[in-house]
Number of protein chains: 2
Amino acid sequence: MSYRLPPLNSLRAFEASARHLSFKRASDELCVTPGAVSQQVKSLEASLGVQLFRRFPRGLLLTAEGESYLPLISNAFRAISDATEHVAPALKGRFLRVGVSRALSERRHPAIEGLRRGEERPRTKLITTDDLGKLIDGKLDVLLRTSPQFPPGLHADRIALPTPSGPALPATLVTLPGLAGCREVRALLKLLTRA
Amino acid sequence: MSYRLPPLNSLRAFEASARHLSFKRASDELCVTPGAVSQQVKSLEASLGVQLFRRFPRGLLLTAEGESYLPLISNAFRAISDATEHVAPALKGRFLRVGVSRALSERRHPAIEGLRRGEERPRTKLITTDDLGKLIDGKLDVLLRTSPQFPPGLHADRIALPTPSGPALPATLVTLPGLAGCREVRALLKLLTRA
DNA sequence: CTTCATGGCATAGAAAATCTAAGTCAACAC
DNA sequence: GTGTTGACTTAGATTTTCTATGCCATGAAG
């Protein structure tokens with residue numbers, strides 16, 4: 001038997017916003033802009049014909065409908081997430097595993113430190129290493145190093161890390177080809193190259 | 001706590017294909033082309049790194065992973081669908097409620113008859129009526145009539161219904177503006193104007 | 001054997017959805 | 001008063017989804 005599902009991407013924006021009671025914090029979690037979250041939630045409300053949030057200048061409150069919807073949607077997403085991890089155990093890690101070479105790690109670059117402290121998105125687990133083998137073995141998702149060298153078959157972005165004072169620091173972000181375009185890696189790239 | 005969700009639209013394509021063991025029949029249900037379903041499922045398999053189907057020239061079989069994934073995903077979608085109906089009761093109808101004027105109804109137009117017998121998509125519930133009031137009152141989603149007249153505020157598409165023999169039959173498909181762009185209405189339009 | 005029907009696959013491009021950047025507004029803090 | 005924060009809106013950029021088309025492999029019918 002078929003069902004009618006609401007727009008699922010919008011539902012994701014709703015769920016994250018409802019947990020945080022903030023489009024801003026939801027946008028951080030989802031690695032998109034607050035405007036995108038706002039639009040998605042608005043679009044969901046329009047398609048449902050139901051207000052899910054009360055908006056305030058500095059945040060959100062759930063309506064009664066939103067209050068009743070949230071746990072049901074969160075549980076369904078949790079079930080999907082768990083089922084997915086069960087079927088594809090390789091997706092179990094909830095963090096982007098980022099190798100950072102010792103040289104860069106010791107530079108205490110602000111964005112990298114922010115990631116380390118959990119203050120920046122995407123969520124990452126930082127590992128001090130420059131071992132490309134870990135990338136190939138699937139033990140890392142991304143490797144950030146100063147050396148521009150990388151073996152064929154991997155994908156590399158040459159970037160300039162802005163420094164608080166002085167010239168930008170050249171670095172290379174290496175990934176498996178399949179991961180190069182994923183949202184978290186792109187978000188990481190953007191974070192690292194941000195002024 | 002956040003989760004990592006697979007691409008939800010692809011998941012929808014997987015779930016429908018797995019129920020039907022056919023991209024073709026899933027495409028009918030989802031009102032998209034088989035090629036689109038195929039691409040979505042393939043994309044999901046790539047992002048999970050797991051084969052979900054075995055393909056055969058005349059259909060699909062589920063892999064062990066696909067077998068274990070399906071009930072979990074179906075249940076989650078069911079939960080979302082139920083939650084959505086609970087929060088937005090107006091969405092309860094699972095059928096597109098189509099009013100067909102008596103004149104058109106009596107013509108026994110093939111596409112309309114196909115809809116009536118449940119042989120054509122989108123799923124519709126046909127009601128013989130030409131009462132625009134029902135549309136405005138929300139008791140109908142769409143009204144198909146021969147008359148080109150409709151009140152301001154509604155949306156109308158003037159269409160030509162192909163007949164098996166003879167010239168196309170002019171008709172008007174009237175909807176509330178909010179519904180005019182929705183997938184089911186568009187699918188209905190396409191079905192009715194198909195040669 | 002040939003022909004026809006069926007359905008999955010791949011591709012290029014069209015269409016739609018999603019997102020971003022930028023600016024506005026309303027509150028709150030100092 | 002100014003500055004900060006976060007929600008809202010808009011236009012356009014970007015990405016995703018979809019379509020149309022043709023190809024391929026099978027199975028059924030003649």
Side-chain angles (χ1 to χ4, degrees), chain A residues 5-14 16-18 20-47 51-63 66 121 180-187 189-191 193-195, chain B residues 5-14 16-18 20-47 51-63 66 121 180-187 189-191 193-195:
Chain A
L5 290 169
L8 296 174
N9 199 55
S10 300
L11 208 49
R12 186 189 257 174
F14 158 72
S17 306
H20 290 290
L21 289 179
S22 159
F23 290 157
K24 175 64 165 54
R25 292 202 296 278
S27 75
D28 285 339
E29 177 181 317
L30 299 174
C31 298
V32 296
T33 60
V37 175
S38 174
Q39 284 175 9
Q40 289 292 328
V41 170
K42 185 172 179 176
S43 164
L44 178 64
E45 285 173 325
S47 73
Q51 283 302 112
L52 297 168
F53 291 110
R54 283 183 289 153
R55 273 86 158 167
F56 296 93
R58 289 291 197 95
L60 312 168
L61 283 181
L62 284 160
T63 60
R121 292 287 189 270
C182 89
R183 174 171 285 166
E184 283 91 355
V185 173
R186 277 186 278 133
L189 250 189
K190 191 191 289 188
L191 172 72
T193 53
R194 177 174 77 181
Chain B
L5 289 169
L8 296 173
N9 197 57
S10 300
L11 209 49
R12 188 189 256 177
F14 158 71
S17 307
H20 289 290
L21 291 178
S22 161
F23 291 157
K24 176 63 163 55
R25 291 202 295 277
S27 76
D28 287 339
E29 176 181 314
L30 300 175
C31 298
V32 296
T33 60
V37 174
S38 174
Q39 283 176 10
Q40 289 292 329
V41 169
K42 186 172 180 178
S43 163
L44 177 64
E45 285 174 324
S47 73
Q51 283 300 113
L52 297 168
F53 291 110
R54 284 184 287 152
R55 273 87 154 165
F56 294 94
R58 289 294 196 96
L60 311 167
L61 283 182
L62 283 161
T63 61
R121 290 289 188 272
C182 89
R183 174 171 285 167
E184 283 90 355
V185 173
R186 279 187 278 133
L189 250 190
K190 192 192 290 190
L191 172 72
T193 51
R194 177 174 80 179

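Throughout, a chain's letter reflects where its sequence line sits, starting with A, and its residues are numbered from 1. Here the structure is a predicted model, which means the values were calculated and not measured.
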For a quick check of understanding: with a heavy-atom distance under 4.0 Å over all strands, which category does S22(A) fall into, base, sugar-phosphate or nothing? sugar-phosphate
Looking only at side-chain atoms of A36(A), point me to the closest of dT9(D), dC9(C), dC19(C). dC19(C)
For K24(B) and dC9(C), what is the distance between atoms NZ and P respectively, to the nearest whole Å? 15 Å
Verify, without hydrogens or angle tests, whether E45(B) (side chain) and F53(B) (backbone) share a donor-acceptor contact under 3.5 angstrom. yes
Heavy atoms only, 4.0 Å cut-off, all strands: where does R55(A) land among base, sugar-phosphate and nothing? sugar-phosphate
Rounded to whole Å, please give me the gap between CG in L11(B) and P in dT16(D). 17 Å
Can you figure out which of dT26(D), dG8(C), dG6(D) approaches the side chain of R58(B) most closely? dT26(D)
Nearest-Å distance for atom pair CG/P, residues L8(B) and dT15(D): 20 Å
Find which nucleotide of DNA chain C each of S43(A) and S38(B) is nearest to by heavy atoms, and output the residue with the more 5' nucleotide. S38(B)
Which of the following nucleotides, dA11(D), dA7(D), dA12(C), is nearest to the side chain of Q39(A)? dA11(D)
Closest nucleotide among dT5(D), dT17(D), dA7(D) to the Q40(B) side chain: dT17(D)
Distance check, rounded to the nearest 0.5 Å: S38(B) atom OG versus R55(B) atom CZ? 6.0 Å
When rounded to the nearest 0.5 Å, the distance separating CG of L30(A) from CZ of F23(A) is 11.5 Å
Calculate the interatomic distance between F56(A) atom CZ and dC8(D) atom P; express it in whole Å. 11 Å
Would you mind telling me which of dT26(D), dT19(D), dT20(C) lies closest to the side-chain atoms of T33(B)? dT19(D)
Consider the side chain of N9(A), meaning its heavy atoms from C-beta on, and name the nucleotide among dC8(D), dT17(D), dC19(C) that approaches it most closely. dC19(C)
From dC8(D), dA27(C), dC19(C), pick the nucleotide closest to the side chain of V32(A)? dC19(C)
Whole-Å gap separating C1' (dT9(D)) and CZ (F23(A)): 13 Å
Separation of dT18(C) atom C1' from L44(A) atom CG, nearest Å, is 15 Å
Which listed nucleotide (dT18(C), dG6(D), dT9(D)) is nearest to the side chain of K42(A)? dT9(D)
In whole angstroms, how far is the P atom of dT5(D) from the NE2 atom of H20(A)? 18 Å
Donor-acceptor pair, R12(B) side chain versus L5(A) backbone, under 3.5 Å? yes
Using whole Å, what does the distance between atom C1' of nucleotide dA17(C) and atom CZ of R12(B) come to? 13 Å
Spell out, as yes or no, whether a donor-acceptor pair under 3.5 Å connects the side chain of S17(A) to the backbone of A13(A). yes
